[in-house]
Amino acid sequence: MFPNAKGSELLSVLATIDPAAQAAGTVTTGWISVANHHGFLSLVQTGVLGTSATVDAKLQQAVDSTGISAKDITGKAITQIIKATGDNKQALINVKPEELDTVNGFGFVRLSLTVGVAASQTAAQVLGVNPRELPANAGNQAAVVQIV
């Protein structure tokens, strides 16, 4: 616990799926090393979903930053969001490095977001939580342009 630390010193913005009217299909973040944080939080956001649209999201793991041997992380997928109740909602997925298949060398994660049926407004972020070395904002992706 660091009660005097700023939130931006404890969280890193590691990867994003920028806000967009995403066509039906899958988009993913890049692969992220789990070596520098004690935990990760993925935030999935919907805006207005298209007619009969669905949104699925899950975390995947790989052996390296190119996605070698990529596979889903067990238990790290959201319950499908549907148009009838899914406009303007958020879903969170937590994962810790020890939940990966580290015995077999898996040390990278990414977020996969799938829109089904109709284009829908979506966005997502993967945050690094509790960095192994402070401040966390040193690990922010290049798209982070301001910290106030």
Side-chain angles (χ1 to χ4, degrees), residues 1-49 53-82 86-116 119-148:
M1 234 16 210
F2 302 100
N4 294 325
K6 298 173 186 168
S8 62
E9 294 173 337
L10 301 175
L11 296 172
S12 300
V13 179
L14 300 175
T16 57
I17 296 172
D18 293 327
Q22 182 185 327
T26 300
V27 292
T28 62
T29 65
W31 290 101
I32 303 161
S33 171
V34 298
N36 298 322
H37 293 84
H38 293 284
F40 299 86
L41 175 65
S42 294
L43 170 61
V44 177
Q45 300 165 288
T46 65
V48 176
L49 301 181
T54 60
V55 175
D56 293 282
K58 62 185 176 182
L59 289 175
Q60 298 177 305
Q61 60 185 324
V63 173
D64 67 14
S65 63
T66 65
I68 295 290
S69 301
K71 64 181 181 179
D72 295 347
I73 303 172
T74 303
K76 300 303 174 180
I78 66 169
T79 300
Q80 186 174 72
I81 297 172
I82 61 172
D87 286 355
N88 305 310
K89 303 294 183 200
Q90 299 82 42
L92 304 174
I93 308 170
N94 287 287
V95 69
K96 292 185 176 188
E98 56 266 26
E99 294 176 293
L100 292 134
D101 184 7
T102 53
V103 171
N104 290 309
F106 287 79
F108 291 79
V109 298
R110 78 173 176 186
L111 178 65
S112 175
L113 179 69
T114 301
V115 170
S120 298
Q121 296 174 346
T122 62
Q125 299 82 39
V126 179
L127 306 174
V129 180
N130 295 321
R132 296 190 189 277
E133 293 184 29
L134 291 173
N137 57 323
N140 284 342
Q141 68 176 8
V144 176
V145 296
Q146 292 186 36
I147 299 174
V148 181

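For the numbers below, each heavy atom of this structure counts, side chains included, while hydrogens, waters and symmetry mates do not.
- The minimum heavy-atom distance linking P97 with V34 is given by the pair CG-O, 3.8 Å.
- Residues V13 and N140 come closest through the heavy atom pair N-OD1, 2.8 Å.
- Atom CG of L59 is separated from atom CD of E99 by 9.5 Å, given to the nearest 0.5 angstrom.
- Taking OG1 of T54 as the start and CG of D56 as the end, the distance is 5.5 Å to the nearest 0.5 Å.
- Counted within 6.0 Å of CD on E98, heavy atoms from surrounding residues, nucleotides or ligands total more than 12; the atom is thus considered enclosed.
- Between atom OG1 of residue T28 and atom CZ of residue R110 there is a gap of 4.0 Å, rounded to the nearest 0.5 Å.
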| task | Take L100 and V109 through the test side-chain contact (heavy atoms from CB on, under 4.5 Å) and record every step on the way to the result. | result | CA-CA 9 Å; L100 292 134; V109 298; 3.5 Å; yes

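- Panel note: side chain S12, backbone A136; a donor-acceptor pair is recorded below 3.5 Å.
- Here CD1 of I81 is found 7.5 Å from CG of L49. Values are rounded to the nearest 0.5 Å.
- In this structure the side chain of L14 never reaches within 4.5 angstrom of the side chain of L127, judged on heavy atoms.
- Distance check: S8 OG to N137 CG gives 5.0 Å after rounding to the nearest 0.5 Å.
- Side chains of T16 and Q125: no donor on one and acceptor on the other come within 3.5 Å.
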| task | For side-chain contact (heavy atoms from CB on, under 4.5 Å), just list the numbers for V48 and S120, CA-CA rounded to whole Å, side-chain angles, deciding distance to a tenth of an Å, and then say yes or no. | result | CA-CA 6 Å; V48 176; S120 298; over 6 Å; no

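- Separation of atoms CG (N130) and CG (L11) is listed at 8.0 Å; rounding is to 0.5 Å.
- Taking every heavy atom of both residues into account, V44 and L111 meet most closely at CG2-CD2, 4.3 Å.
- With F106 as the aromatic partner, K71 meets the cation-pi criteria of under 6.0 angstrom to the ring centre and within 45 degrees of the ring axis.
- A side-chain donor-acceptor contact under 3.5 Å links K76 to the backbone of N94.
- Here the shortest heavy-atom pairing between F40 and S33 reads CZ-O, 3.9 Å.
- Residues D87 and T46 have side chains not in contact (no heavy-atom distance under 4.5 Å, counting atoms from C-beta outward).
- Side-chain contact of Q121 with Q45: a donor-acceptor pair under 3.5 Å is absent, judged by distance alone.
- Annotation for I78 and V55: closest pair CD1-O, 4.1 Å, computed over non-hydrogen atoms.
- Looking at heavy atoms from C-beta onward, L10 lies out of side-chain contact with V129 at the 4.5 angstrom threshold.
- Contact check for I68 versus F108: no side-chain heavy atoms found under the 4.5 Å cut-off.
- The closest donor-acceptor contact from the side chain of D72 to the backbone of T74 lies at 3.5 Å or more, if one exists at all.
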| request: Go through V126 and I32 one step at a time and tell me if the side-chain contact (heavy atoms from CB on, under 4.5 Å) criterion holds. | output: CA-CA 9 Å; V126 179; I32 303 161; 3.6 Å; yes

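- There is a side-chain donor-acceptor pair under 3.5 Å between R132 and H38.
- For the pair Q22/V27, a side-chain contact is recorded, criterion being any heavy-atom separation below 4.5 Å from C-beta on.
- Taking 4.5 Å as the limit, some side-chain heavy atom of T26 sits within range of a side-chain heavy atom of S112.
- Contact detail for A77 and K58: the closest heavy-atom pair is CB-CB, 3.8 Å.
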| Which is it for Q61 and D101 under the side-chain contact (heavy atoms from CB on, under 4.5 Å) test, yes or no, and what are the steps along the way? | CA-CA 8 Å; Q61 60 185 324; D101 184 7; 3.7 Å; yes

